[in-house]
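For reference, the structure is listed below as structure tokens.
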Amino acid sequence: MPTTTKALTLLTPSDLAAEFDTNLTTGLTTDTVVKHRQQNGSNQLTAAKKPSLFRQIAHHLSDITSLILLFAVGLSAYLALTTDSNWTKTIVIGSIVILNVVIALYQEHSAEKALAALKAMTVHTVTVIRDDKTQTIQAADLVPGDLMLLNAGDAVAADARLIESQELEADEAVLTGESESVAKSAAPLAEVPENLGDAANCIFSGTAITSGKATAIVTATGMNTELGKIASLLNQTKKQVTPLAKRLDALGKRLSLVAVLGGALTMLLAMLYHQETLADSLMLGVSLAIAAVPETLPVIVTLSLAHGVQKMAKRRAIIRQVTAVETIGNVNVIASDKTGTLTQNKMTVTHFWSFGQSNIQKATAEPLTTDTRRFLSYLGLATNAQLTDQDEPDIGDATELAIMRLLAHYDLSRDELETRYPRIAEAPFSSAKKTMATLHRTPEGHYLAIIKGAVDRIAFSALNWQTKATDVHDQMTGQALRVLAAGYQQFATNPGADWENQLTEVQPLGLIGLIDPPRPEVPAAIQAAKDAGIVTVMITGDHLDTATAIARDIGILDGSHRAITGHELNQMSDETLAATIQQIRVFARTTPSDKIRIVKAWQQQQAVVAMTGDGVNDAPALKAADVGIAMGITGTDVAKNAADMILTDDNFATIIDAVAQGRTVYQNILKAVEFLISVNFAQIFTMLIAVLIGWGAVMTPEQLLIVNVLADGIPGFFLSRELAEPGIMHLKPIPKKASIFANGLGKRVAVRTATYVGLILGIYAIGRFVVSPDQPIVGMTMLFLTLAIGSMLDVFPIKTRARLNRTALTSNPILTVSLLGTMAIILLLALLKPFQQIFQLAPLTLGQWLIVFVAVWLPMLIVESYKRWQHRHELAAWHQPNLVSDNE
């Protein structure tokens, strides 16, 4: 029993009626409708079950860093209840946990919106024949076997097979991505179509009837339709975890491992060797938990991404998911739709040839010959499209609009032409004859018939037409141009009602070649992508020849790579596709599931994939990609809601601008990681070493929170505003599996951590044993000030990879202001007595202040010196032979 759309295309109407238990004249009976509804359900799209809010919150609290913070909240709350400890730690740490969860929940809403937009495309009512009566019913009540009546302007409510049709055309752009209407016919096909777009006797849910009328048998409803299959793909497709999220998660696990092991060891040593109470030992555990987790890092990352959102919006890229800001900077594959993104989504006459000319002429501003002017004028007379003001959509078929734009280019007005040659009759285009003709009265009182259409469907009378036209036609089709012929025939008197049948002596006018041309800025953008180490791939529903020609023209396809069709793709297993994906640059005649396979095949090669699209058919692949990019002008709501980014100008070049901004954001996040993590590692090792050598806790939890949240957190917020490093778009994308400590970051963190551990332990020892009579509070105060102020000052060598100079110090002035303000707060905490008591700080003597003043500059000097040494080492390595590997 045939069940697929492809198989149903081969059946006759009577076989089709038997297949669905219906009658071609009277439709379904009431009893059969009930039976079919029980079997197939309602004609509605359904969403995957959404996790409860409790489950979503639990998921976001299950990562190791959140668990450590929750542990710290619980311990600090227990100590506040059972001892004289205050609630400061509990409130501050708890607020950080809540903020992180709220941010995570806010970012999880695209899938529901995408499906909601998909549901909005479904039709509300539809006209059917049931029980031999024509009636209007709710679209949700449609069942397979229903006889559906369709007219121009109707939206299609379910997948159906045509059984009768008259001059029917349908707009299937939402499914195929191609903007031209498709001619439909009720006749059974001779062979199974390879592609959805080739199913000429079927219509599909979510598409629209643009002309003609038809009767069709519903073959699939609800989630069984092609639109429903896309909804299923949306439900099943999970959004990729971003590379940055994975790296930060790995970082959190490392910090947490150190904290857990260190905390257990510290509490054990404190209780066994230092006779500490349980409360004091627990306090050490809280301290280590606070020291281990960079509490402000999630907020800093979010602020960096938010700043990137603002910058990208100014460059015509609207970010829906803030994580896409970072991910777009690390993409190494852009899988782009052709129509409207790489091309102008506007059929254009690029070449034309007048009969009698020796060469094909480009559609430029060159003067027209008399014959060519007559050719274009007559062509305009046989056209119904209309150009409107810029704020209004143009009216008419894409091909005829291209002709009208060509006339406007040469200052030819159809209104003026029709004043001289008024139209008195028209024979509209049909898919059967593939021509259109109009009849006009001439100024001399004669009659002029003009015909345009397929070259082989017009009865041209010129003897040498066939030879010349064939050569020109082949030249144009060789450039993937769609070719249209035009001719005319004159009558001395009115030829009467059957004038179209008298067009047997047509005089040739010429040929025009049309294509949706590339955007002029796209070739340069694709070259910029290549320079940045990014591969551009074209995925389109268009024919292979057209896609290949465009791809070669704009620089996507060269002699070393392949172009294949969706049919060839279906012959490949997932393993074969993944193994050969890097050799393929063009995929033509693709389906929604094809696009997901292509995206996943690249991801199996550890690529970070950006996918562009505008139609409903693109939505699942947009969701599956690392970054989904929808078109703002031509894009459907479904595509936009499934995407992470929306281009307000539908321009591929805007993606490259977004990549540059994304790379800047990622660099700034790495700077924040370097700035914060070094201090966290230093705090952990300092606490461990201090307990091991018998000094006990050298910092209180409150002091650790001040350093992490205030001294490092506030300046860290403004690292997001750093400008791009020079040459950022000539670097290769960071590999997907690269550690967050790659490219020298790990070494810089190690140097900075070692500097702080040695410095602050030394300062503590000087404060406690040298400049005071064994007073731990003096050492603790000097350590606190050195760590807090010193870590703020060395943000300057971190904020730029270049040498530190006046420009580096003065650029990003808001960072400098935040540093000065935070330093003032730190000093007030150390100078004012009420704060000294709260944070367990001691008043210092002038000599002790001088020691702190000298010590705070040491980290900045050491970090800058190491950075310069690292640069010299990298420069020397660059000039060594055989530096570049064979695969680069």
Side-chain angles (χ1 to χ4, degrees), residues 1-45 121-172 175 181-189 199-228 430-432:
M1 178 181 291
T3 56
T4 66
T5 298
K6 291 181 178 180
L8 293 173
T9 59
L10 307 181
L11 298 183
T12 63
S14 57
D15 289 339
L16 197 68
E19 173 74 23
F20 289 95
D21 193 19
T22 189
N23 185 286
L24 295 177
T25 304
T26 61
L28 293 174
T29 64
T30 302
D31 292 340
T32 310
V33 168
V34 173
K35 182 177 73 172
H36 285 193
R37 184 173 294 116
Q38 290 173 345
Q39 293 173 345
N40 298 277
S42 178
N43 181 33
Q44 291 179 314
L45 303 182
M121 295 186 63
T122 55
V123 188
H124 297 297
T125 60
V126 62
T127 302
V128 298
I129 298 175
R130 286 181 178 175
D131 293 319
D132 202 17
K133 295 178 183 178
T134 300
Q135 49 190 289
T136 299
I137 65 170
Q138 293 295 312
D141 293 334
L142 269 180
V143 296
D146 260 323
L147 283 188
M148 186 165 53
L149 304 181
L150 296 163
N151 291 285
D154 288 347
V156 182
D159 289 2
R161 166 64 203 282
L162 299 171
I163 56 172
E164 293 180 6
S165 67
Q166 296 179 25
E167 308 299 338
L168 190 71
E169 291 190 6
D171 179 358
E172 297 181 343
L175 292 178
S181 295
V182 181
K184 295 289 183 177
S185 171
L189 301 186
N201 56 8
C202 294
I203 50 176
F204 304 100
S205 177
T207 63
I209 304 302
T210 56
S211 65
K213 60 181 181 179
T215 304
I217 293 180
V218 174
T219 57
T221 58
M223 297 299 286
N224 294 320
T225 64
E226 295 299 325
L227 198 67
S430 75
S431 56

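Reckoned from all heavy atoms, side chains included, excluding hydrogens, waters and symmetry mates.
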Whether [X] side chain and [Y] backbone form a donor-acceptor pair below 3.5 Å:
| X | Y | result |
| --- | --- | --- |
| Thr22 | Gly145 | yes |
| Arg37 | Val143 | no |
| Arg161 | Leu16 | no |
| Asn201 | Thr9 | yes |
| Ser165 | Ala186 | yes |

What is the minimum heavy-atom distance between [X] and [Y], and which atoms define it?
| X | Y | result |
| --- | --- | --- |
| Leu10 | Leu189 | CD2-O, 3.4 Å |
| Asn43 | Gly222 | OD1-N, 2.7 Å |
| Phe20 | His36 | O-CE1, 3.1 Å |
| Pro13 | Leu24 | O-CD2, 3.6 Å |
| Ala157 | Ala139 | CB-CB, 4.0 Å |
| Cys202 | Lys184 | O-NZ, 2.8 Å |

side-chain contact (heavy atoms from CB on, under 4.5 Å) against Ala220, all qualifying residues, sequence neighbours excluded: Asp159, Asn224, Thr225

Between atom [atom1] of [X] and atom [atom2] of [Y], what is the distance when rounded to the nearest 0.5 Å?
| X | Y | atom1 | atom2 | value |
| --- | --- | --- | --- | --- |
| Asp154 | Met148 | CG | CE | 9.5 Å |
| Thr127 | Leu147 | OG1 | CG | 12.5 Å |
| Asn151 | Gln166 | CG | CD | 9.5 Å |
| Thr219 | Leu162 | OG1 | CG | 10.0 Å |
| Ser185 | Glu167 | OG | CD | 10.0 Å |
| Glu19 | Thr12 | CD | OG1 | 11.0 Å |

Does any non-hydrogen side-chain atom of [Y] lie less than 4.5 Å from one of [X]?
| X | Y | result |
| --- | --- | --- |
| Arg130 | Asp146 | yes |
| Leu142 | Ile137 | yes |
| Asp21 | Lys35 | yes |
| Thr134 | Ile129 | yes |

Results of salt bridge (charged side-chain N to carboxylate O under 4.0 Å, His left out) for Asp15 - residues two or more places apart only: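 If we apply the salt bridge (charged side-chain N to carboxylate O under 4.0 Å, His left out) test to Asp15, skipping adjacent residues, there are no hits.
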
Qualifying residues under salt bridge (charged side-chain N to carboxylate O under 4.0 Å, His left out), relative to Lys213, sequence neighbours excluded: none

